[in-house]
Amino acid sequence: MVLARFLPRDVQFFGHFNDAATNALATARLLAEVVEHGPETERKVQRLHEFEHEGDEITHRVYSGLNSTFVTPLDREDIRALAGGLDDFVDDMEEAGKRLWLYRLGAPTATARLLARILVEQAGVIAGAVPHLEFAGKRVAELQKAVLEVHRAENEADDALNTALGTLYDGVEELPALIRALRWGELYALLEGATDRGEDIANTFQGILIKYA
């Protein structure tokens, strides 16, 4: 194990993480556009799928790198968790955009806009924090701030979902209105679930800080 300290480390992992975080931010921003413009967004929904595919490719590169690298810059479990977390984050956002387009829900609600904005905020914080991971021991303050901001955003999303569900069926008396309400409720849950994936990434940051700070 002493010898391992003198072997070169494969720093390409940090490049992959940066690519994945940038891809997640692009996905969140495009999802916000899909939410805003409703069903007239088939091309943008297809672009979301392309972002999701790109995320899969980046994750595959990370996992392949783990199989071919003897010494890694972070613990292997942290690398897997971060790569998987970023991939899940994009997957959930892509699913929300696809479902919105399939359901043809039309004009966005205030709750949908808020949840989409929170996802953009989370993705922006994560994209800004990932470059600090390469210097985790020296960037404790920056990473800890990012962790707190992502958690705060997820709490805001929780509150928004609970508030929306509490009034979702108010005034619903006809079957078409009920179906519409059910679909909005499903979409809200998907959007809020994506913020949970963002929080998972922040938890991975926290775990890395505990080990390297």
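- Side-chain N/O atoms of Gln144 and Gln206 include a donor and acceptor closer than 3.5 Å.
- When every heavy atom of Val172 is checked against every heavy atom of Ala181, the shortest pair comes out as CG2-CB, 4.2 Å.
- The distance from atom CG of Leu209 to atom CZ of Arg139, rounded to the nearest 0.5 Å, is 12.5 Å.
- A single hydrophobic cluster is seen to contain both Trp184 and Leu178, as judged by linkage of ILVMFWY side chains at heavy-atom distances under 4.5 Å, directly or through other members.
- Linking ILVMFWY residues whenever their side-chain heavy atoms come closer than 4.5 Å, directly or via other members, leaves Ile58 and Leu74 in distinct clusters.
- In this structure a side-chain-to-backbone donor-acceptor pair under 3.5 Å is missing from Glu192 to Ala157.
- A side-chain donor-acceptor contact under 3.5 Å links Thr109 to the backbone of Ala112.
- Surrounding CD of Glu173 are at most 12 heavy atoms belonging to other residues, nucleotides or ligands under 6.0 Å away.
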Audit row: Glu156, Arg117, side chain to side chain contact (heavy atoms under 4.5 Å, CB included) steps and yes/no: CA-CA 11 Å; Glu156 184 181 359; Arg117 177 189 63 75; 2.7 Å; yes
Side chain to side chain contact (heavy atoms under 4.5 Å, CB included) between Thr59 and Tyr63, intermediate numbers included: CA-CA 6 Å; Thr59 303; Tyr63 290 163; 3.5 Å; yes
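- Distance check: Ile208 CD1 to Glu77 CD gives 10.0 Å after rounding to the nearest 0.5 Å.
- Looking only at distances, a side-chain donor or acceptor of Arg76 sits under 3.5 Å from a matching main-chain atom of Leu66.
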Side chain to side chain contact (heavy atoms under 4.5 Å, CB included) between Tyr103 and Leu187, intermediate numbers included: CA-CA 9 Å; Tyr103 286 167; Leu187 182 66; 5.8 Å; no
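- Atom NZ in Lys44 sits 4.0 Å away from atom CD in Glu33 (nearest 0.5 Å).
- For the side-chain contact (heavy atoms from CB on, under 4.5 Å) test, residues two or more places apart in sequence or in another chain that qualify with Arg197 are Asp88, Phe89, Asp92, Asp200.
- Annotation for Leu25 and Ala127: closest pair CD2-CB, 4.2 Å, computed over non-hydrogen atoms.
- Considering CG of Leu143 and NZ of Lys145, their distance stands at 12.0 Å, rounded to 0.5 Å.
- Contact record, Pro131 with Gly128: CD-O, 3.5 Å, taken as the closest heavy-atom pair.
- Under a hydrophobic clustering in which Ile, Leu, Val, Met, Phe, Trp and Tyr are joined whenever their side-chain heavy atoms come within less than 4.5 Å, directly or via other members, Leu105 and Leu190 fall into different clusters.
- Under the 4.5 Å side-chain contact rule for hydrophobic residues, Val120 and Ile201 do not share a cluster.
- Here the side chain of Asn23 pairs no donor or acceptor atom with the backbone of Asp19 at under 3.5 angstrom.
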Step-by-step side chain to side chain contact (heavy atoms under 4.5 Å, CB included) determination, Ile126 to Phe205: CA-CA 9 Å; Ile126 290 166; Phe205 288 168; 4.3 Å; yes
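- Residues Leu102 and Phe51 share a hydrophobic cluster, clusters being chains of Ile/Leu/Val/Met/Phe/Trp/Tyr side chains in contact below 4.5 Å.
- Here Arg152 does not pair with Glu149 in a salt bridge; the nearest charged N to carboxylate O distance is not below 4.0 Å.
- Closest heavy-atom contact between Ala123 and Ala24: CB-O, 4.0 Å.
- With contacts defined as side-chain heavy-atom distances shorter than 4.5 Å, the pair Glu50/His53 does not qualify.
- Contact check for Val150 versus Glu154: no side-chain heavy atoms found under the 4.5 Å cut-off.
- Atom-to-atom distance recorded for Gln12:CD and Asn18:CG is 12.5 Å, nearest 0.5 angstrom.
- Checking side-chain atoms of Asp87 against main-chain N and O of Ala83 turns up no donor-acceptor pair under 3.5 Å.
- Heavy atoms of other residues, nucleotides or ligands lying less than 6.0 angstrom from CZ of Arg29 number 12 at most.
- With a 4.5 Å cut-off on side-chain heavy atoms, Leu82 and Phe13 do not count as touching.
- Ala153 approaches Ile118 most closely through the heavy-atom pair O-CG2, 3.4 Å.
- Distance check, rounded to the nearest 0.5 Å: CD of Glu36 to CG of Leu31 gives 11.5 Å.
- Residues Gly185 and Leu168 come closest through the heavy atom pair CA-CD2, 3.6 Å.
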